[in-house]
There are 2 protein chains.
Amino acid sequence: MNSAPDSSIETILERMRAGGGRITKKRIRIVQVLMQFEHPASADEIRQKAELPETDLVTVYRNLEALQGIGVIQRIPLENGTQLFELTAPGEHYHHLICRECHQAERLDLCIGKEVLGRAKAHGYSQITHVMEVYGVCKDCDSDS
Amino acid sequence: MNSAPDSSIETILERMRAGGGRITKKRIRIVQVLMQFEHPASADEIRQKAELPETDLVTVYRNLEALQGIGVIQRIPLENGTQLFELTAPGEHYHHLICRECHQAERLDLCIGKEVLGRAKAHGYSQITHVMEVYGVCKDCDSDS
DNA sequence: TTAACTAATGAAAGTAGATTGCATTAGAGG
DNA sequence: CCTCTAATGCAATCTACTTTCATTAGTTAA
């Protein structure tokens, strides 16, 4: 059993290696940081948490792109045009409830993938993906104001 | 009958006036352009179509913000961080099927507002909104490649 | 009409997030 | 250990959008 790929750090790094990628200290650290985060995080948050004396933002972005390429992270485009990144189980993807004030994001157990896929195909589209994010003001931020 | 606010240009301009806004030529033209567009459009597309010898992009952005303020347009955040704008019937909002190649967007008759609202409230959130967009490659672009 | 008030506009500069070019560094295979 | 080239860091660039401020032009009242 367990024939599905898992998302342990070894598996992820092995997948990068298989694609011709190298296993560098920064890369390992960035994957570790992604695994530690409970919430989707921005490239800069990831860079700060990595604290390998210093990692350039550009390196974070390039690694995030590589990780997206092998399908282990997803990008979450926000209302304001920025993006967050989150490790996902293979073949999965998540939606979020995001506070408009403090930008905390929690995972929402809700997906409309099937309906969406059917509709999109009916319109003649291929390679379908979808983005869905819910915005609001969380309890804490609401009581502050 | 017809007690709901309509979205004719006169009504929209009247609503702006009511909020202390002025009715300028550029503003009228921008609203007209929005009404002509069948697809959600970028600020720059709107500016180009306005062709009042020249309208500064900044003016387009400011008007779009004002229009959003009175609830007659919605912003559509894209995967790549940019945004499109679309006139919406009062109290309505739409989702789209967007081609990743040519960026054409068509309206999708599908909304998950109710489920989303329930979930978000259960998490203690208020002032809930949601974003949902579906991406794919349209027939035309698919055959090109 | 005209005068006066102030919202709207445009030009230019600024900002934030993300990307690109290029020289340097450092994994990985032989 | 040597070589090859992917990965990195720095600086410059880009894009979409925002801010500042002087000027223009709706609007209201005289």
Side-chain angles (χ1 to χ4, degrees), chain A residues 9-10 12-33 40-48 50-70 73-85 98 103 105, chain B residues 9-10 12-33 40-48 50-70 73-85 98 103 105:
Chain A
I9 192 162
E10 291 80 14
I12 292 171
L13 294 177
E14 188 45 50
R15 282 219 267 164
M16 299 213 80
R17 198 196 313 269
R22 295 176 182 175
I23 309 307
T24 65
K25 287 168 194 145
K26 307 266 169 156
R27 178 157 287 173
I28 294 170
R29 184 73 191 125
I30 287 168
V31 176
Q32 283 176 340
V33 166
S42 68
D44 195 54
E45 283 173 316
I46 293 165
R47 189 196 55 110
Q48 284 175 38
E51 53 186 25
L52 291 174
E54 295 245 314
T55 301
D56 198 287
L57 245 192
V58 110
T59 299
V60 176
Y61 278 113
R62 285 193 275 230
N63 275 286
L64 290 171
E65 189 172 341
L67 288 166
Q68 192 186 24
I70 61 169
I73 65 170
Q74 68 171 317
R75 252 169 232 257
I76 305 167
L78 300 190
E79 266 183 342
N80 66 3
T82 65
Q83 46 192 340
L84 302 182
F85 301 86
I98 302 160
H103 303 109
Chain B
I9 193 161
E10 291 79 15
I12 293 172
L13 294 176
E14 188 44 52
R15 282 219 267 162
M16 300 212 79
R17 198 194 314 269
R22 293 176 183 175
I23 310 307
T24 65
K25 288 168 194 144
K26 308 266 168 154
R27 178 158 289 173
I28 293 170
R29 185 71 192 126
I30 287 167
V31 175
Q32 284 177 339
V33 166
S42 68
D44 195 54
E45 283 174 315
I46 294 165
R47 188 195 55 100
Q48 284 175 37
E51 52 187 24
L52 291 174
E54 296 246 315
T55 302
D56 198 287
L57 246 192
V58 108
T59 299
V60 176
Y61 278 113
R62 285 193 275 231
N63 275 287
L64 290 171
E65 188 172 342
L67 289 166
Q68 191 186 25
I70 62 171
I73 65 170
Q74 68 171 317
R75 253 170 231 255
I76 304 167
L78 301 190
E79 266 184 341
N80 66 4
T82 64
Q83 46 192 340
L84 301 181
F85 300 86
I98 303 161
H103 302 110

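For clarity, every value in this text was computed on a predicted model and none was experimentally measured. Letters A, B, ... are given to chains in the order of the sequence lines, protein chains preceding strands, and every chain is numbered from 1.
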Contact summary for B:A43 and B:V60, nearest pair of heavy atoms: O-CG1, 3.6 Å
A:L78 versus B:P77, closest heavy-atom pair with distance: O-CB, 4.0 Å
[X], nearest nucleotide to its side chain (from [options]):
X     : options                : answer
A:T82 : D:dT27, D:dT19, C:dG17 : C:dG17
B:R22 : D:dA25, C:dT19, D:dT8  : D:dA25
B:V58 : C:dA18, C:dA12, C:dA8  : C:dA12
B:T24 : C:dA8, D:dT8, D:dT27   : C:dA8
A:T59 : C:dA18, D:dT8, C:dA11  : D:dT8

Can a side chain N or O of [X] be found less than 4.0 Å away from OP1 or OP2 on [N]?
X     : N      : value
B:Y61 : D:dC17 : yes
A:R27 : D:dA7  : yes
A:Q83 : C:dG17 : no
B:K26 : D:dA25 : no
A:T55 : D:dG9  : no

Donor-acceptor side-chain pairing of B:D44 and B:S42 below 3.5 angstrom: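 The criterion, which ignores hydrogens and geometry beyond distance, is not satisfied for B:S42 and B:D44.
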Atom [atom1] of [X] to atom [atom2] of [N]: distance rounded to whole Å?
X     : N      : atom1 : atom2 : result
A:F85 : C:dG17 : CZ    : P     : 12 Å
B:R47 : C:dT9  : CZ    : P     : 15 Å
A:M16 : D:dT5  : CE    : P     : 19 Å
B:L13 : D:dT27 : CG    : C1'   : 15 Å
B:D56 : C:dA13 : CG    : P     : 14 Å
A:E65 : C:dT20 : CD    : C1'   : 12 Å
A:E54 : C:dT25 : CD    : P     : 17 Å
A:R75 : C:dG17 : CZ    : P     : 15 Å

Would you indicate what [X] reaches in the nucleic acid, counting non-hydrogen atoms under 4.0 angstrom: base, sugar-phosphate, or nothing?
X     : answer
A:I23 : sugar-phosphate
A:G81 : nothing
B:N63 : sugar-phosphate

Side-chain donor or acceptor of A:R15 paired with backbone N/O of A:I70 under 3.5 Å: yes
Under 3.5 Å: donor-acceptor pair, side chain of B:R17, backbone of B:R22: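 No: the side chain of B:R17 does not pair with the backbone of B:R22.
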Residue whose closest nucleotide on DNA chain D lies nearer the 5' end, A:R62 versus B:L57: A:R62
Enclosure of A:E65 CD (heavy-atom neighbours >12, cutoff 6.0 Å): no
